[in-house]
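First the structure, in the form of structure tokens, and then the observations on it.
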Amino acid sequence: MMLLADEYLVFIGASTLMALGIGIDAALATFVRANHFKKPWQAAYWIGGVVATHTLFPMVGYLLAYMSVQHVPVLAPVIGVVAFILVAHFLYGELIQRNEEEACGASWITIGLILAVSWDALWSGPAKSAQVLDWSQWMIWLSFLWVGALVCALCVVSFYLGKRCMTIIKDNPTFLPYVLWIQFSVIGYFGLLALFRYTFNWPLHEAMIFLLSGSIIYFIQWRQKQFQSASWQT
């Protein structure tokens, strides 16, 4: 009975750690994007998509590793480029074009962002295949659902926290440029992370990647401000 209890504790602990490992980034992206969901269905669309990918992607990665498919690493450079392009397209529209998006365009970009913040979940599957050697089949499949449920909880909490924070910020518009910088820096971080890790296989620390993303976003915002100032003067 004691051994059974220990087995369940290992199962819960390992599954929870995996959920935190692949879900923190998704929760952060949800937090900074919370104010952009004007209607409940938009928030549900985003959270549902993120939860679905964070549940299914580890399953796919696990099955590929379990079946000993040797060509999966070949896909990594392609995935890195695709994720970077999707994020770059989104940031170009937000920072450069600043035009109202049509419904279909907004959906495509949202899908792109969902994928961009979910690729790490795909590659957590092969790591999991080594973690679950002594687990029964029902525990293995239940662990994926456990991870999805915890990621869902993280994203829902992050969404409501993001909404509350933006309500406070609206009363203090001075902070808005800094909030936008954080938001775009976080999104840009995902694109650079995918490019560096999957395409170039550069072992840069996450903090360095975020600083690089923040520096690029700051430079773009500064150039825009300079351009707008010059336009007003003329």
Side-chain angles (χ1 to χ4, degrees), residues 20-37 42-43 45-54 56-58 60-61 72-99 101 104-125 151 154-155 158-159 162 177-224:
L20 292 174
I22 68 175
I24 292 296
D25 286 350
L28 184 58
T30 303
F31 178 84
V32 299
R33 294 289 296 163
N35 198 53
H36 289 258
F37 306 132
Q42 293 174 323
Y45 179 79
W46 167 267
I47 294 175
V50 169
V51 171
T53 52
H54 279 72
L56 296 176
F57 278 16
V60 173
V72 174
V74 176
L75 297 178
V78 178
I79 287 176
V81 172
V82 170
F84 179 78
I85 290 174
L86 290 172
V87 171
H89 182 275
F90 168 79
L91 290 176
Y92 177 79
E94 290 286 315
L95 289 168
I96 307 300
Q97 290 183 328
R98 294 184 178 276
N99 292 327
E101 298 164 343
C104 61
S107 298
W108 185 87
I109 290 175
T110 301
I111 292 172
L113 285 176
I114 289 172
L115 292 175
V117 304
S118 301
W119 293 125
D120 62 332
L122 174 65
W123 299 105
S124 70
V151 171
L154 285 172
C155 289
S158 297
F159 169 73
Y178 302 101
V179 173
L180 291 176
W181 174 79
I182 293 173
Q183 174 193 329
F184 296 140
S185 297
V186 169
I187 299 300
Y189 160 82
F190 289 114
L192 291 175
L193 179 68
L195 190 67
F196 291 154
R197 291 289 171 81
Y198 300 144
T199 303
F200 299 125
N201 196 26
W202 291 348
L204 292 179
H205 194 276
E206 288 84 352
M208 293 296 296
I209 297 175
F210 181 80
L211 286 175
L212 178 59
S213 174
S215 299
I216 294 173
I217 296 300
Y218 178 82
F219 176 76
I220 294 174
Q221 289 180 320
W222 176 78
R223 286 292 298 170
Q224 280 188 313

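All residue numbers in this chain count up from 1 along the given sequence. These numbers were taken from a predicted model, which means no experiment stands behind them.
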Verify, without hydrogens or angle tests, whether Ser213 (side chain) and Ile209 (backbone) share a donor-acceptor contact under 3.5 angstrom.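 Between the backbone of Ile209 and the side chain of Ser213 there is no qualifying donor-acceptor contact (under 3.5 Å).
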
Looking at Thr199 and Phe196, would you say the former's side chain and the latter's main chain have a donor-acceptor pair under 3.5 Å?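 No, the answer is negative, given that no donor and acceptor are paired below the 3.5 Å cut-off.
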
Distance from [X] atom [atom1] to [Y] atom [atom2], nearest 0.5 Å?
| X | Y | atom1 | atom2 | result |
| --- | --- | --- | --- | --- |
| Ile216 | Leu211 | CD1 | CG | 11.0 Å |
| Gln221 | Phe184 | CD | CZ | 7.0 Å |
| Leu195 | Asn201 | CG | CG | 12.0 Å |

Verdict with supporting geometry, Phe159 and Phe37, side-chain contact (heavy atoms from CB on, under 4.5 Å): CA-CA 9 Å; Phe159 169 73; Phe37 306 132; 3.8 Å; yes

Applying side chain to side chain contact (heavy atoms under 4.5 Å, CB included), can you list everything that pairs with [X], at least two apart in sequence or on another chain?
| X | value |
| --- | --- |
| Ser158 | Ala27, Thr30, Phe31 |
| Tyr218 | Trp181 |
| Val186 | Leu28, Val32, Ile182, Phe190, Phe210 |

Restricting to non-hydrogen atoms, name the atom on [X] and the atom on [Y] that form the minimum distance, rounded to 0.1 Å.
| X | Y | answer |
| --- | --- | --- |
| Ser185 | Gly214 | OG-CA, 3.3 Å |
| Ile114 | Tyr45 | CD1-O, 4.1 Å |
| Val151 | Gly23 | CG2-CA, 4.0 Å |
| Ala207 | His205 | N-ND1, 3.0 Å |

